[in-house]
J.: 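Let me begin by handing over the structure; questions about it come next.
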Protein chains: 2
Amino acid sequence: MVRKSTSKETARKPNMREAILAAAEELFATNGFNAVSVRDIAHAAGANPGSVTYHFKTKDGLLLEIYRRHCGPMNLRRSELLAAARRVRDLQDRLEAVVRAYVVPAFTSGSDLAGGGARFTRLRAVMSAEGNEVARKIIAQTFDDTSHAFIDAVHESLPHIPRADIVWRSHFLLGALYYSLVTPDRVSRLSRGEADGSDAASAIEQLVQATVAAFQAPALDQAAPARRRPAVSSKT
Amino acid sequence: MVRKSTSKETARKPNMREAILAAAEELFATNGFNAVSVRDIAHAAGANPGSVTYHFKTKDGLLLEIYRRHCGPMNLRRSELLAAARRVRDLQDRLEAVVRAYVVPAFTSGSDLAGGGARFTRLRAVMSAEGNEVARKIIAQTFDDTSHAFIDAVHESLPHIPRADIVWRSHFLLGALYYSLVTPDRVSRLSRGEADGSDAASAIEQLVQATVAAFQAPALDQAAPARRRPAVSSKT
DNA sequence: ATGCAATTTGTACTATCGTACAAAAGATCA
DNA sequence: TGATCTTTTGTACGATAGTACAAATTGCAT
């Protein structure tokens, strides 16, 4: 194949479609859907506004395509890791492996899409916060299966914990995961430089450790504010 | 100046300013900042678009005023509860009280503002996700003191845990808290009706329980070498 | 009632939004 | 090469955005 470049290095355009998708991902993930205009995206991608319409018809269509590209690979990776985690014999180790199978694909690249894992997860976090309709539909029908599989796997390792409690705690996990990707600078700031919020490896380890402990907490067998039962040492 | 507030009917339109603030809060918290127009807000408040300009000058000014009204009372309530929590003698109980002091004001009304606690927290979550500039400035200069006080209080109860770890875990707490307010329906859906995601009391108890356990997890540097970690491929 | 300041209304201006569409440019192959 | 299809460009249109501003209205002290 003969490449004729060396003229413009402003992001070679062998595939303008990809450039638009990448630019849109980044802009949506950092500024939200409505704050970003089609012209912003086109400019960031070095493309013409009309080109966005040509490839994706509408702005919603562009968002839809971003989801379509990532959901498959990420869910595939998750179920592979989850299947491997289920085969871990030690119960304690298995729980950690299960949590890791859920967390790692969200932070790292799922396939050949360059560094797209964390970016796409951040995008999902922002769309979720904005109550984006396009995203809501895709999420419910694409990720609920994965979430149920994850919850079931956790429940297998912790059969004495009610399923509802596990749902709550896995919900907290997703919230923590999202927030870590949305405002990593807050970690750096509050730790006064002792921790780097944008270091994916640290975030994963911290999140896995904290989440495993949270899952292992005693169950809330009563919704009543009648304090805890003496599961762990209590005072008087 | 003599204020004449004899009428008990405070519902109709004695204060259009308040109605606009409440409507803006609700709309921003559910749809994001950019998705809501000044006309939307005015319509929801039963006011004229020009009235918004009159009271708050700009759309940013409106958001600023929302923050101004809530930050004070919420932080006051938090420091009161935190001070009370610090006086709990039993270390285990104290940790739970400290976490509760952080969580409860975020879910419940902080002052006379009707049911505004959860709504304002949801608003903060959405603004954080959108990377809103107005919100970012206020947050950093208003909530960092409270966050540091909270982190210090947790550290007092868990002196053997490195401060950086506590920062991470309290960051996870805030993320979980935000997400619980942003998409409570997900909890109901994934639990197949066994749990009600929009029940504030349940959310608080579940979050407190899970978070206390997460804080009590062993520190990362002592946990890592001791145990064999399940193999999981991760890239940068 | 009368006057005055505070508030609400109605409207208009400019900027920018998403999107459509025709023309230009590039690619592909008989 | 010329024909045909794909992609990019440039421009335009209607809708809606934030905001300004004058006129109309209201609330209160006199």
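Chain A is the first sequence line, chain B the second, and so forth, proteins listed ahead of strands; every chain is numbered from 1.
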J.: Report the residues that fulfil side chain to side chain donor-acceptor pair (under 3.5 Å) with B:Ser147, sequence neighbours left out, ordered by chain and then residue number.
T.: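 Partners of B:Ser147 under the side chain to side chain donor-acceptor pair (under 3.5 Å) test: A:Arg186.
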J.: Only pairs at least two apart or in different chains count here, so list each side chain to side chain donor-acceptor pair (under 3.5 Å) that has a residue in residues 51-60 of chain B.
T.: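 Not a single pair qualifies under side chain to side chain donor-acceptor pair (under 3.5 Å).
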J.: The side chain of A:Thr58 lies closest to which of these nucleotides: D:dG18, C:dT19, D:dT7?
T.: C:dT19
J.: Of the listed nucleotides (C:dA20, C:dT8, C:dG18), which one gets closest to any side-chain atom of B:Ser51?
T.: C:dT8
J.: List for me each residue that meets side-chain contact (heavy atoms from CB on, under 4.5 Å) alongside B:Ala22, sequence neighbours excluded, and say none if there are none.
T.: B:Arg119
J.: To the side chain of B:Met16, which of D:dT8, C:dT8, D:dA20 is closest?
T.: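 Side chain of B:Met16 sits closest to C:dT8.
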J.: Between A:Asp40 and A:Lys57, who's closer to the 5' end of DNA chain C by nearest nucleotide?
T.: A:Asp40
J.: Does B:Ser37 make a side-chain N or O approach to OP1 or OP2 of D:dA17 shorter than 4.0 Å?
T.: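 For D:dA17, OP1/OP2 do have a side-chain N/O of B:Ser37 under 4.0 Å.
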J.: If you compare every side-chain N and O of B:His55 against the phosphate oxygens of C:dA6 (OP1, OP2), does one of them come in below 4.0 Å?
T.: no
J.: Does OP1 or OP2 of C:dT7 have a side-chain N or O of B:Tyr54 closer than 4.0 Å?
T.: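 It does, given that an N or O in the side chain of B:Tyr54 lies less than 4.0 Å from OP1 or OP2 of C:dT7.
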J.: Rounded to whole Å, please give me the gap between CD1 in B:Ile20 and P in C:dT7.
T.: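 After rounding, the gap between these two atoms is 11 Å.
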J.: Restricting to non-hydrogen atoms, name the atom on A:Leu174 and the atom on B:Tyr179 that form the minimum distance, rounded to 0.1 Å.
T.: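 Nearest pair, atom of A:Leu174 first, then B:Tyr179: CD2-OH, 3.4 Å.
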J.: With sequence neighbours left out, what residues match A:Arg192 under side-chain contact (heavy atoms from CB on, under 4.5 Å)?
T.: B:His148, B:Arg163
J.: Please write out the pairs of protein N or O atoms and N or O atoms of nucleotides 11-13 of chain C separated by less than 3.5 Å, giving the distance to one decimal.
T.:
{"unit_1": "C:dA12", "atom_1": "N6", "unit_2": "B:Arg39", "atom_2": "NH2", "d": "3.4"}

J.: Please collect all salt bridge (Lys or Arg N to Asp or Glu O under 4.0 Å) contacts where either partner lies in residues 45-55 of chain B, sequence neighbours excluded, each pair once.
T.: none
